[in-house]
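Numbered from 1 within each chain, the chains take letters A, B, ... in sequence-line order.
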2 protein chains.
Amino acid sequence: MAGSVAGRVFSVLDAFAGGPDTLRLTEIARRTGLPVPTALRMVRELVVWGGLERAADGSYRLGTRIRALGAAAPCPRGLLDLALPSLRALTTRIGGHADIAVPSDGTALCLVSGARLPLHATAAGKVLLAHGHGPPAAVRRHTPYTLTAPGALNTQLARIRETGLAASHEEYRLGELSYAAPVLRDGATVAAVSVTLPTSMPYDRAGAAVREAAGVIGRALAGA
Amino acid sequence: MAGSVAGRVFSVLDAFAGGPDTLRLTEIARRTGLPVPTALRMVRELVVWGGLERAADGSYRLGTRIRALGAAAPCPRGLLDLALPSLRALTTRIGGHADIAVPSDGTALCLVSGARLPLHATAAGKVLLAHGHGPPAAVRRHTPYTLTAPGALNTQLARIRETGLAASHEEYRLGELSYAAPVLRDGATVAAVSVTLPTSMPYDRAGAAVREAAGVIGRALAGA
DNA sequence: GCCCGGCTTTCACTGGATGAAAACGTGGGG
DNA sequence: CCCCACGTTTTCATCCAGTGAAAGCCGGGC
C-alpha cells in the first residue's frame with residue numbers, strides 16, 4: 001500500500017487522525033515520510049476535492065468533504081461483532097445491560113438494543129458528545145436530575161475527556177444509572193461502551209470494567 | 001483531477017456520499033464512470049486502508065476510518081450549538097430567518113434549516129465563494145435578478161471581501177432578500193451567518209446585525 | 001544587505017496504473 | 001444436468017501519470 005498513490009493519499013489523511021487539527025506542509029511530509037513535493041501534490045488534490053482545507057496561515061486541516069462522508073458512514077456491523085464478546089463479559093461481571101453506541105443523527109444509537117439515547121442525558125451519549133460528536137438532536141429534561149444548563153454540561157464533558165469515563169445517575173430514567181467509556185480507533189472516539197444498572201444494584205468496579213472493555217474493543221478494531 | 005489516481009479514489013468515495021449506504025462493485029463503476037477493474041483496484045485499496053468495508057453480501061460501505069476522520073475534523077464541534085444563541089438574537093432583532101451555512105458539495109449547507117443554497121445567488125453563498133470555497137455546483141438563473149456573468153460576480157466578490165458583507169436582492173427567490181457575513185476561525189472563513197427577509201420588511205440594520213452576530217460566533221469558536 | 005527555512009516549480013526518468021480480454025463463480029431457466 | 005447470463009476477479013502488454021532531486025522563489029530574522 002505504501003508504494004501506491006492511493007496509499008500516499010491515505011497516509012496524508014492519517015497524519016491528521018491523531019495529532020493536532022492543523023498541520024503545515026513540512027509537518028505532513030515529516031509524518032508521512034513523503035518527500036515535500038510529493039506531499040504537496042497529495043495535499044493539493046485533497047484540497048481541490050474538499051478533503052482538506054487551507055487555513056489562513058497556509059497550514060491545512062481536514063475539510064468539509066471528510067466531515068460529510070464521516071456523517072454519511074453507516075454504523076458498522078463489524079463493530080458490533082467485534083464488541084459482543086466484551087459486552088457479554090461485562091454483563092457477566094457487572095450485571096445489568098451492556099451496550100455499544102455510535103453517534104447517529106444527534107442521538108446515541110445502541111447497536112445491541114437498537115435504542116436511540118439522548119446525548120446529553122446518558123453516559124454513552126456524554127462520551128460521544130465529549131469527543132466532538134454532536135450536536136444533540138434535542139436537549140430536554142427527562143428526570144429531575146437531567147442536566148440541561150450548557151455550562152454544567154460542558155464542565156462535565158471536560159471532565160469526561162480527562163478521565164475517559166462518563167456517568168449518568170438517573171438523568172435519563174429514574175432508578176437507572178450508567179457508566180460509559182470511549183472506544184478509540186487511531187486516537188479518535190468512534191463509539192462508547194456502556195453498562196446500565198438499576199440504582200439498587202450499584203457496583204463500584206463498573207467504571208473500571210467499562211474502561212477495560214472499551215480498551216479491548218479498541219484493540220480489536222486496530223487489529224481488524 | 002478526473003485524470004489522476006487520487007481523483008479516481010475520491011470519486012469512489014463520492015459515490016457513497018449521496019446515495020444508498022451500500023453499493024456493489026458494478027454500481028460503483030457505473031456511478032464513477034470507471035472501468036470495472038479500475039474501480040475494483042480503488043475499492044480494494046480503500047478497504048485495506050479502512051475507508052471502505054465489505055459487507056457480508058460482497059457489497060461495500062463506508063468504513064470506520066472515514067468515520068474516525070470525520071470525527072477528528074475540527075471546527076463544527078457544535079458550530080450550530082455555538083451559533084444558535086446569536087441566531088435567535090438575530091431573528092428577534094431583525095426578523096425573518098437567521099441561519100448559518102457551511103460549504104458542502106458546491107452548495108451552501110444551512111445548518112438550521114438543512115437547506116442547500118446555490119453559492120452564486122444567495123448572500124451566504126457569496127460569502128463562501130468570496131473566501132475561496134467553491135467551485136459552485138451549478139450557476140443557473142433563478143430569477144431575473146440572478147447574476148450569472150462571471151465578471152459581474154467577481155466584482156461583487158471582491159467587494160464582499162473588502163466590506164465583509166454580502167447581499168442578495170431577489171437573486172434566488174423573488175420577494176426575498178438576504179444579508180450574510182463571514183464567520184472567521186484562525187483568519188479563515190469557515191461559515192456564513194445570514195438573515196433572509198421578505199422585501200416588504202425593513203432591513204436597514206440587517207447588515208450590521210449580521211456582521212455582529214458573525215463576530216460573536218467567531219469569538220465563540222476561538223474560545224472553544 | 002545577507003542568510004535561512006519553508007514553499008513551490010521544473011523536468012527527465014520510470015514503475016505503478018491502466019483497461020481490454022479472458023477466466024472464474026454462481027445462480028436460475030429450460 | 002447443461003448452458004447461459006451476470007457479476008466479479010485475474011492477467012498482461014502498453015504507456016502515461018507520478019516521482020523526487022534540484023533549482024527557484026518568497027518572507028522573515030539578524
| Once you round to the nearest 0.5 Å, how far does CG of B/L129 lie from CG of B/N154? |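 Between atom CG of B/L129 and atom CG of B/N154 there are 9.0 Å.
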
| Close side-chain approach of B/L46 to B/Y60, heavy-atom, < 4.5 Å |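 No, every pair of side-chain atoms sits at 4.5 Å or beyond.
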
| request: Residues of residues 34-43 of chain A with any non-hydrogen atom less than 4.0 angstrom from an atom of DNA chain C: list those, numerically ordered, please. | output: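 Contacts with DNA chain C under 4.0 Å: A/V36, A/P37, A/L40.
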
| query | Which two nucleotides bound the region of DNA chain D that has atoms under 4.0 Å from heavy atoms of chain B, read 5' to 3'? | reply |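 From 5' to 3', the first and last contacting nucleotides are D/dG7 to D/dG18.
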
| Does a salt bridge link B/R24 with B/E27, judged by any charged N lying under 4.0 Å from a carboxylate O? |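 Salt bridge between B/R24 and B/E27, a charged N being under 4.0 Å from a carboxylate O: no.
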
| Looking at B/R8, does any N or O in its side chain come under 4.0 Å of the phosphate oxygens OP1/OP2 on C/dT18? |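 For C/dT18, OP1 or OP2 has a side-chain N or O of B/R8 closer than 4.0 Å.
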
| Do you know which of B/H131, B/H120, B/E171 makes side-chain hydrogen bond (donor to acceptor under 3.5 Å, both in side chains) with B/K126? |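 So, applying the side-chain hydrogen bond (donor to acceptor under 3.5 Å, both in side chains) to B/K126 and each of B/H131, B/H120, B/E171, only B/E171 qualifies.
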
| field | Nearest-Å distance for atom pair CG/P, residues A/L25 and C/dT9 | value |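 For the pair A/L25 CG and C/dT9 P, the rounded distance is 11 Å.
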
| request: Output yes when B/D14 and A/R65 qualify as a salt bridge under the 4.0 Å nitrogen-oxygen rule, no when they do not. | output: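 Looking at A/R65 together with B/D14, the answer is yes, because their closest N to O distance falls below 4.0 Å.
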
| field | Plane angle bin for B/H142 and B/Y172 - parallel if under 30°, tilted between 30 and 60°, otherwise perpendicular | value |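 Perpendicular: the ring planes of B/Y172 and B/H142 meet at over 60°.
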
| field | Salt bridge present between B/R93 and B/E212 (N-O < 4.0 angstrom) | value |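 Yes, charged N to carboxylate O under 4.0 Å.
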
| query | With side chains defined as the heavy atoms from C-beta onward, is the minimum distance between A/L13 and A/L62 less than 4.5 Å? | reply |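 Sidechains of A/L62 and A/L13: in contact.
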
